[in-house]
> 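Once you've had a glance at the structure underneath, I'll fire off some questions.
First the proteins, then the strands, lettered A, B, ... as listed; each starts at 1.
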Number of protein chains: 2
Amino acid sequence: MTTMQDVATRAGVSAKTVSRVFNDDPHVTEDTRERVQAAMRELKYVPNMLARTFREGRSAVIGIAVPDVADPFFAAVTKGIELAAREHDMAIVVTSLGDNPALEKSIIETTVRRQIDGLIIAPIAADQSYLARWQDSFPIVFIDRIPTKLHADYFVEDDFGGAFEATQHLIAHGHRRIAIVGDSTEVPTTKLRLEGYRAALEAAGLENDDDLIALGSRDGDAAAHVCRTLLALPDAPTAIFSSNARFSTGVFPALQALNRTDIALISFGDFPMADVLQPSVSVIDQNPRHVGRVAAERILARIAAPTKRFRRKNVIPVKLIERQSCQSSVPHLPLAASQ
Amino acid sequence: MTTMQDVATRAGVSAKTVSRVFNDDPHVTEDTRERVQAAMRELKYVPNMLARTFREGRSAVIGIAVPDVADPFFAAVTKGIELAAREHDMAIVVTSLGDNPALEKSIIETTVRRQIDGLIIAPIAADQSYLARWQDSFPIVFIDRIPTKLHADYFVEDDFGGAFEATQHLIAHGHRRIAIVGDSTEVPTTKLRLEGYRAALEAAGLENDDDLIALGSRDGDAAAHVCRTLLALPDAPTAIFSSNARFSTGVFPALQALNRTDIALISFGDFPMADVLQPSVSVIDQNPRHVGRVAAERILARIAAPTKRFRRKNVIPVKLIERQSCQSSVPHLPLAASQ
DNA sequence: AAAACTTATGTCATCGATGACATGACTTGC
DNA sequence: GCAAGTCATGTCATCGATGACATAAGTTTT
């Protein structure tokens with residue numbers, strides 16, 4: 001590793017002068033500048049970022065903590081963050097939190113020690129109060145899920161609105177018995193989506209049947225199982241609202257295996273190939289890349305202007321992408337309540 | 001930010017003693033240790049990793065550079081690397097190279113300045129000689145594609161073998177006119193897959209029709225277009241070998257749109273939902289997570305034993321996953337050549 | 001021509017943790 | 001009772017880059 005001192009010796013100047021040349025300081029004669037540059041080239045000098053960032057106390061790194069980097073949703077979020085970060089010469093350190101909430105805190109703390117300049121987190125635990133002590137060291141932005149027991153910036157999708165729209169869409173296609181599948185209502189996101197679902201049913205004057213609320217799945221396979229149970233009910237649903245793309249990729253094959261593609265399906269969250277499945281699956285699109293970008297931009301803005309005030313709560317609108325999966329031939333029954 | 005000096009002052013000792021307590025040095029009295037630990041707790045001391053790693057000249061970071069973090073294949077590779085790295089308290093810094101080969105070098109150089117301890121790269125450019133100068137600073141491991149103009153460790157899938165097997169599989173299902181779709185043969189991976197394809201045709205005594213070699217696509221959409229062109233040929237293929245999952249996700253919908261799911265399809269590289277499409281798509285599975293893990297383990301092994309010798313070239317076997325997409329009802333024609 | 005300023009370059013200290021070595025207190029052995 | 005040894009703790013220098021300040025030339029002003 002060539003250091004500035006090595007270059008300085010070679011060029012017959014002091015390390016400080018090399019530093020000046022490197023940083024385009026105008027107070028260097030053309031002659032000296034050229035000698036130093038020649039020395040840098042000969043010795044293939046490359047700055048030691050670690051030294052510089054250490055001195056400045058900042059690492060030019062944004063930490064990202066998501067449940068799973070390999071999940072298409074978070075992979076896309078990561079990409080959005082990366083592109084925005086790169087425009088400011090920032091690198092990203094990525095961590096998967098996994099699915100054990102108990103580990104969240106320690107995983108984050110390992111990341112934090114690296115003097116990151118900002119943290120973007122999609123938490124899995126039910127309490128983020130442990131992050132409070134870091135908040136005056138660097139900005140923290142939550143994505144996908146709102147922070148619990150902590151005040152911090154967040155960018156979440158419109159869970160309530162999206163769920164409402166999805167459910168309404170199913171109702172508009174004539175469905176009256178609509179099930180909701182997903183994980184636990186302890187997940188704030190899921191709770192909101194359930195509320196949106198319920199609100200849409202109520203707005204249409206449909207009754208809320210608890211048998212059709214099939215939450216609590218842990219993964220796609222569990223959702224598939226839940227789905228089979230639902231269809232075996234005496235008064236089975238004609239439509240399923242999957243509250244999360246992760247479960248949709250379990251539910252869809254289950255319907256297919258049962259040869260029940262007549263059951264309508266709508267997914268909160270787009271997923272790969274959803275548009276070419278048969279039937280293609282209608283979804284509420286969350287635009288993960290955009291979520292990543294705005295979260296990164298907020299981090300960067302907060303770094304640039306630490307005292308400026310920003311809107312803390314940010315809800316990103318979602319968009320219904322209509323495909324085929326809700327067009328099953330259900331007779332258009334009159335709604336129970338009048339229009 | 002509390003420093004060791006702060007803790008030291010609080011506990012009435014020197015910074016060095018705090019360092020000793022922190023690093024479990026036995027030469028500290030129980031009494032002092034407790035006082036220091038109390039001070040650490042009160043001041044919420046957290047070590048400054050940047051200072052430590054700067055002093056040691058290592059950053060405890062593995063750099064990862066892939067064409068696109070959001071691509072499911074590389075997202076899975078990344079996850080594999082992350083899990084292996086975490087076991088050694090290493091973090092990962094992820095970078096997308098994009099699709100402009102001219103930018104590869106500069107993107108990598110920005111990453112390298114951060115004094116990474118190792119680099120895992122899936123290159124996109126046709127020349128990696130620029131990496132030579134880094135090789136004695138830290139280990140470099142190539143994945144997915146072999147290095148060009150550089151000697152370095154690599155872990156690649158069995159491109160030739162997988163392509164051979166895929167093509168053979170199509171032949172075994174009665175196909176005689178088999179097209180290959182993919183990107184440019186300038187990509188080493190694609191070149192090898194083309195060779196595997198050709199070898200399989202030859203082994204079966206089938207002639208090689210250049211009209212069926214439809215390489216050069218840039219993305220899924222281009223592949224879809226190529227696919228339509230192929231099917232419009234007077235003597236159209238009955239089967240398509242997609243040399244890359246990225247293109248399969250373009251080809252499949254194209255076949256579907258044309259209502260030509262009778263055309264057999266096999267993909268080099270599994271992709272999300274391939275198993276639930278109709279027909280489900282047979283693939284050559286590359287096990288990206290495993291690729292990531294072994295690459296990371298090699299980096300870690302090289303860091304631990306810099307002088308040890310390792311096998312540089314590593315070919316990871318691939319596995320044919322048979323699904324429905326090759327079972328189209330093509331009459332079993334006799335092979336042109338005798339068995 | 002002396003004072004005042006400008007300009008190129010150098011010296012030193014610093015960021016936080018920690019190795020190398022020093023010091024001083026106390027113990028052990030003969 | 002004193003040399004040698006053990007142990008807790010401290011001091012200093014270091015990693016590489018760079019701000020603050022210093023110096024030594026040359027230039028302008030009066």
Side-chain angles (χ1 to χ4, degrees), chain A residues 1-40 43-61 89 110 112-117 134 137-138, chain B residues 1-40 43-61 89 110 112-117 134 137-138:
Chain A
M1 273 297 145
T2 331
T3 73
M4 278 198 169
Q5 187 52 59
D6 299 335
V7 176
T9 311
R10 173 82 164 222
V13 295
S14 75
K16 181 74 225 202
T17 301
V18 177
S19 165
R20 278 193 263 259
V21 171
F22 195 82
N23 294 289
D24 290 320
D25 186 313
H27 296 287
V28 181
T29 38
E30 202 43 45
D31 175 48
T32 312
R33 182 181 306 279
E34 271 162 29
R35 271 210 332 284
V36 170
Q37 279 168 342
M40 293 204 301
L43 298 175
K44 297 182 193 299
Y45 170 74
V46 173
N48 182 333
M49 253 241 180
L50 227 55
R52 201 200 310 227
T53 61
F54 160 59
R55 185 173 211 285
E56 286 165 4
R58 339 215 95 263
S59 53
V61 162
D89 282 311
T110 331
V112 156
R113 290 187 192 185
R114 300 178 174 270
Q115 315 295 114
I116 51 177
D117 292 348
W134 303 110
S137 307
F138 53 83
Chain B
M1 272 300 140
T2 338
T3 72
M4 277 197 167
Q5 187 53 60
D6 299 336
V7 177
T9 311
R10 172 83 164 220
V13 297
S14 77
K16 181 73 227 203
T17 300
V18 178
S19 166
R20 278 193 262 260
V21 171
F22 195 83
N23 295 291
D24 290 320
D25 186 314
H27 296 286
V28 181
T29 43
E30 201 45 44
D31 175 49
T32 314
R33 183 180 305 278
E34 272 162 26
R35 270 211 331 286
V36 170
Q37 279 167 342
M40 293 205 301
L43 298 175
K44 297 181 192 299
Y45 170 73
V46 173
N48 183 335
M49 253 241 178
L50 226 55
R52 198 198 313 223
T53 61
F54 160 58
R55 186 173 209 286
E56 285 166 7
R58 343 210 93 267
S59 53
V61 161
D89 281 313
T110 336
V112 155
R113 290 188 188 183
R114 298 178 177 271
Q115 314 297 115
I116 51 176
D117 292 347
W134 304 110
S137 308
F138 53 82

> Under 3.5 Å, side chain of T9(B) to main-chain N/O of Q5(B), donor-acceptor pair present?
yes
> For the side chain of R55(B), counting heavy atoms from C-beta on, which of dA17(C), dA8(C), dT11(C) is nearest?
dA17(C)
> Using heavy atoms to find the nearest nucleotide of DNA chain D for G12(B) and Y45(A) separately, return the residue whose nucleotide is more 5′.
G12(B)
> Distance check needed: dA17(C) P versus R114(A) CZ, whole Å only.
15 Å
> How many Å lie between NZ on K16(A) and P on dA8(C), as a whole number?
15 Å
> On a plain distance test, is the side chain of R20(B) in donor-acceptor contact with the base of dG10(D) below 3.5 Å?
yes
> Over how many whole Å does the gap from Q115(B) atom CD to dA17(D) atom C1' extend?
12 Å
> Applying a 4.0 Å non-hydrogen cut-off, can you work out what V13(B) is touching in the nucleic acid: base, sugar-phosphate, or nothing?
sugar-phosphate
> Which atom pair, heavy atoms only, marks the closest approach of V18(B) to M4(B)?
CG2-O, 3.8 Å
> In whole angstrom, give the distance that lies between atom CD of E56(B) and atom P of dG16(C).
17 Å
> Expressed as a whole number of angstroms, how long is the span from Q5(A):CD to dC15(D):C1'?
13 Å
> Between W134(A) and V46(B), does the side chain to side chain contact (heavy atoms under 4.5 Å, CB included) criterion hold? Intermediate values first, please.
CA-CA 11 Å; W134(A) 303 110; V46(B) 173; 3.2 Å; yes
> Is the shortest side-chain N/O distance from T29(B) to OP1 or OP2 of dT9(D) below 4.0 Å?
yes
> Can you tell me the distance, in whole Å, between the CZ atom of R58(A) and the P atom of dT18(D)?
16 Å
> Figure out the CG/P separation between D31(B) and dC7(D), and round it to whole Å.
18 Å
> Looking at R35(B) and D31(B), is any side-chain nitrogen of the basic one under 4.0 Å from a carboxylate oxygen of the acidic one?
yes
> So, OP1 or OP2 of dG10(C): does either fall under 4.0 Å of a side-chain N or O from T17(A)?
yes
> Between P on dT14(C) and CG on N48(B), what's the gap in Å once rounded to a whole number?
18 Å
> Output, in order, the C-alpha distance, side-chain angles, deciding distance and verdict of side chain to side chain contact (heavy atoms under 4.5 Å, CB included) for V36(B) and V13(B).
CA-CA 8 Å; V36(B) 170; V13(B) 297; 3.9 Å; yes
> Is the backbone N or O of S19(B) less than 3.5 Å from a side-chain atom of N23(B), with the two atoms forming a donor-acceptor pair by type?
yes
> Take V28(B) and M1(A), find for each the nucleotide of DNA chain D with the closest heavy atom, and name the residue whose nucleotide sits nearer the 5' end.
V28(B)
> Of the nucleotides dG10(C), dT9(D), dT11(D), which one has an atom closest to the side chain of H27(B)?
dT9(D)
> So which nucleotide from dT9(C), dG16(D), dT18(D) ends up closest to the side chain of A51(A)?
dG16(D)
> Considering just the side-chain nitrogens and oxygens of R52(A), establish if one lies under 4.0 Å of OP1 or OP2 belonging to dT18(D).
yes
> Side-chain N or O of N23(A) versus OP1/OP2 of dT18(D): is the shortest distance under 4.0 Å?
yes
> For the side chain of M4(B), starting at C-beta, report the closest nucleotide among dG16(D), dT18(D), dT18(C).
dT18(C)
> Taking only side-chain N and O atoms of S14(B), does any of them lie within less than 4.0 angstrom of OP1 or OP2 on dG10(D)?
yes
> Quick one: is dA8(C) close enough that its OP1 or OP2 comes under 4.0 Å of any side-chain N or O from T32(A)?
no
